[in-house]
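Counting convention: from 1, in listed order, for ligands and their atoms alike.
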Amino acid sequence: MNNIKNNLSIIHNRMIKACEIANRNKDEVRLLLATKTVAPNYINFALQQGETLIGENKVQELKQKCNSVKKMNPEVHFIGHLQSNKINEVIKWVSCIESIDRLSIAQKLQKRLAIENKEIDILIQVNTSFEESKFGVAPNEAIELIKNIATLKNIHIKGLMTIGLLSSKSNEIRKCFQLLKKIQNEVKSLNIPNVEMNELSMGMSNDLEIAIEKGATIIRVGTAIFGDRIYPDSYYWNETVESK
Ligand SMILES: *Cc1c(COP(=O)(O)O)cnc(C)c1O
């Protein structure tokens, strides 16, 4: 637990420093705790340190953990690949789905939200690294997707999300985040009804500084707070390992 406390302070210091360098106000960037595989007592400990935002990748884990963390009243986002048969469950637990990347899933989501008379915030996940294995709409199809989803009235688009290239080359990573920023600006200039473009969710344990430099408003950090996971990220990110 001491590690978590220490790690959180390291992350906040990194965020503050990155904001200073980028000439941004530190309140413009929120820390989302990426809590996949992390047990509720550790999540609760982090929340007791003053954190307010968590993100889960799997519906199974949402179900298992949300009751145990809800007395701390965190804001919960879904950051994993959403399958249509899991929609009913996801909307019980989260206020924002950061990983909407195709019209078909948004339409199914809309249908269910209408039945339940609920509304939800979403981000559009964009595949800025052009890796075939990664989820996310292709950058050149993002605007068309946003225009279409904007017509679904129980769904509110708040911005964009991406996973940068997993690489040690900061310039390659920077290109990903720059591309997300560019799409954000393009969408903003179109003034599409029912679309707000204020949120950019990008940057993780290893690349949060670059993301903040390029305009991130949410960074999603797991490993640097909770330590290494037993599953590889491919278990969470790759199309091929996800059963449809
Ligand atoms: C796991 C995960 C993160 C956090 O990654 P770390 O490298 O552990 O900080 C961020 N975003 C998504 C979508 C994730 O699945």
Could you check whether any side-chain N or O of Q184 sits under 3.5 Å from a backbone N or O of M197, counting only pairs where one atom can act as donor and the other as acceptor?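 Such a contact is found between Q184 side chain and M197 backbone.
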
Determine the minimum heavy-atom distance between S189 and E186, stating which atoms define it.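 Looking at all heavy atoms of both residues, the shortest contact is OG-O, 2.7 Å.
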
Working to the nearest 0.5 Å, report the span between CG of N57 and CG of L82.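 Spacing of CG (N57) from CG (L82) equals 11.5 Å.
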
Given L103 and I149, is the side chain to side chain contact (heavy atoms under 4.5 Å, CB included) satisfied, shown in steps? CA-CA 7 Å; L103 184 58; I149 294 180; 4.0 Å; yes

Which of the atoms in ligand 1, numbered in the order shown and given with their element, are less than 4.0 Å from a heavy-atom of [X]?
| X | answer |
| --- | --- |
| G222 | 4 (C), 6 (P), 8 (O), 9 (O) |
| V221 | 9 (O) |
| N57 | 14 (C), 15 (O) |
| A34 | 3 (C), 4 (C) |
| R220 | 4 (C), 9 (O), 10 (C), 11 (N), 12 (C), 13 (C) |

Is any side-chain heavy atom of E98 closer than 4.5 Å to one of E199?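 Result no, sub-4.5 Å side-chain heavy-atom pair not found.
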
Is the NZ atom of K111 crowded by more than 12 outside heavy atoms at less than 6.0 Å?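 Open.
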
Identify which of K36, E56, M204 has a heavy atom lying nearest to atom 2 (C) of ligand 1.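 That would be K36.
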
Could you find the nearest protein heavy atom to atom 13 (C) of ligand 1 and give me its residue, atom name and distance?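 Of the protein heavy atoms, I79 O, 3.6 Å lies nearest.
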
Among all protein heavy atoms in this structure, tell me which lies nearest to atom 9 (O) of ligand 1, with the distance rounded to 0.1 Å.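 Residue, atom and distance for the closest contact: S205 OG, 2.5 Å.
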
Contact list for residues 9-23, test salt bridge (Lys or Arg N to Asp or Glu O under 4.0 Å), sequence neighbours left out: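 Residue pairs passing salt bridge (Lys or Arg N to Asp or Glu O under 4.0 Å), neighbours aside: R14-E209.
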
For R229, is the nearest heavy atom under 4.0 Å from an atom of ligand 1?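 R229 counts as a contact of ligand 1 under the 4.0 Å cut-off.
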
Does ligand 1 have a heavy atom under 4.0 Å from the side chain of T223, from its backbone, from both, or from neither?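 For T223, the contact with ligand 1 is made by both the backbone and the side chain.
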
